[in-house]
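Note sheet for the following structure.
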Amino acid sequence: MKTTAIAPANIAFIKYWGKKDESLRLPLNDSISMNLSAATTMTTVEFNDELKHDHIVDDGRVFAKDEILRITMQMSRLRELTSIRGFARVSTKNSFPKGIGSASSASGFAALTLAFCLAAGIQISEKELTIFARLGSGSACRSIPDGFVHWVAADRSEDSYAYSLFPSTYWDLQDVLIIVNENRKKVATSEGMESVQTSEFIKTRVARIPQKVKEIIRAFNKKDFTLLGEIIEKECLSMHAVMLTQKPALLYWQPETLEVIKAVIELRAKGIEAYYTIDAGPNVHVICEKQYADKISEVVSKLSGVKQCIMNQAASGARIVDRHIF
Ligand code: PMV
């Protein structure tokens with residue numbers, strides 16, 4: 001059966017950086033994220049008995065070799081986990097530039113996992129789907145459930161899953177995604193995470209995460225945006241402090257990244273409450289409540305290094321749609 005899924009990218013408020021098991025992609029710590037409404041991947045999967053191997057096309061263009069390899073590995077893994085036989089044709093389309101931090105791998109592997117399992121006619125729970133998606137790309141598990149999502153760290157694969165903490169309608173938060181560079185990053189997250197233990201800060205960071213998780217859930221419960229924003233920024237800086245002190249050091253920021261950070265700090269001083277967070281790339285996510293989103297985008301768009309602002313609200317997770325790419 002031909003099946004198409006759409007999955008959102010997500011932005012982590014509590015970040016995932018580092019694994020305790022490389023092949024199972026078991027994270028060192030819990031993480032919490034928001035699904036993004038305007039940064040999505042659409043993927044169509046169709047099994048065909050005549051195919052001798054999987055065929056993967058990216059909206060008319062062929063993927064890079066390493067991307068194909070990761071996708072076919074995930075399909076082989078899914079075949080093994082579910083005893084599905086046969087090969088499939090897969091086509092995928094992003095609503096945003098690829099390689100902007102982790103966004104495309106999260107939405108990509110979430111959409112692929114859902115479309116693949118349903119195209120094969122498998123009955124599968126949301127929890128299992130998050131576990132399967134995690135094996136393709138860690139952050140992809142957070143793109144399956146609705147809205148604001150908690151990914152639990154654990155020692156066994158079956159215990160490290162993601163679930164919806166709050167639905168997308170719970171809080172009118174906005175993410176103004178500011179693109180300063182559209183190129184694919186030079187150091188992929190999986191490669192960057194491999195040397196996480198070389199940072200002198202990693203142990204302190206991981207030890208403090210449980211407290212941060214409690215605090216952020218408190219901020220959500222009270223809808224205390226100041227508390228939420230302060231945790232988001234502190235968390236971003238904590239992850240980048242680890243990245244910068246790894247060997248080899250990972251510096252994902254560019255001059256334009258700092259320009260945006262400064263603009264956010266200035267906006268805040270003028271009473272426009274906004275907080276920044278950054279993944280493994282130079283682009284900046286500015287988190288705010290709805291009433292400030294247009295103003296932030298207007299101010300930031302005027303900065304010379306800014307190429308594009310993508311306005312996101314909290315979105316539902318991966319879902320099946322009845323239109324197809326092919
Ligand atoms: O899932 P990956 O391998 O793309 O890793 C994502 C890591 C960060 O984006 C840097 C942080 C996060 O939690 O999303």
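Read the numbers this way: they start at 1 and go in the same order the structure lists the ligands and their atoms.
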Under 3.5 Å side-chain donor-acceptor pair for [X] and [Y]:
X: W17; Y: Q246; answer: yes
X: D54; Y: T72; answer: no
X: T226; Y: E273; answer: yes
X: T113; Y: Q74; answer: yes
X: Y163; Y: H150; answer: yes
X: K247; Y: S199; answer: no
X: Q174; Y: N312; answer: no

Any heavy atom of [X] closer to ligand 1 than 4.0 angstrom?
X: S190; result: no
X: M193; result: yes
X: S31; result: no
X: A106; result: no

Under a 4.0 angstrom heavy-atom cut-off, which atoms of ligand 1 come close to [X]?
X: S105; result: 4 (O)
X: G138; result: 1 (O)
X: A280; result: 10 (C)
X: K15; result: 13 (O)
X: D279; result: 9 (O), 11 (C)

Using a plain distance cutoff, I'd like to know if [X] has any nitrogen or oxygen under 3.5 Å from a nitrogen or oxygen of ligand 1.
X: S139; result: yes
X: R25; result: no
X: S137; result: yes

**Study point:** Lys/Arg cation over aromatic Y161: R134, 6.0 Å, 45° cone
**Key:**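 Ring-cation test returns no.
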
Review point. In chain order, what residues pass the ring-ring contact (aromatic ring centres under 6.0 Å, His included) check against F166, with sequence neighbours excluded?
Key: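 F166: ring-ring contact (aromatic ring centres under 6.0 Å, His included) contacts with Y170, F220.
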
Check your understanding: Where does A12 meet ligand 1, judged by heavy-atom distances below 4.0 Å: at the side chain, the backbone, both, or neither?
Key ->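 Looking at A12 and ligand 1, just side chain atoms fall under 4.0 Å.
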
**Study point:** Closest candidate by heavy atom, reference atom 11 (C) of ligand 1, pool Y16, W17, Y252, F109
**Key:**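 Selected option, by shortest heavy-atom distance: Y16.
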
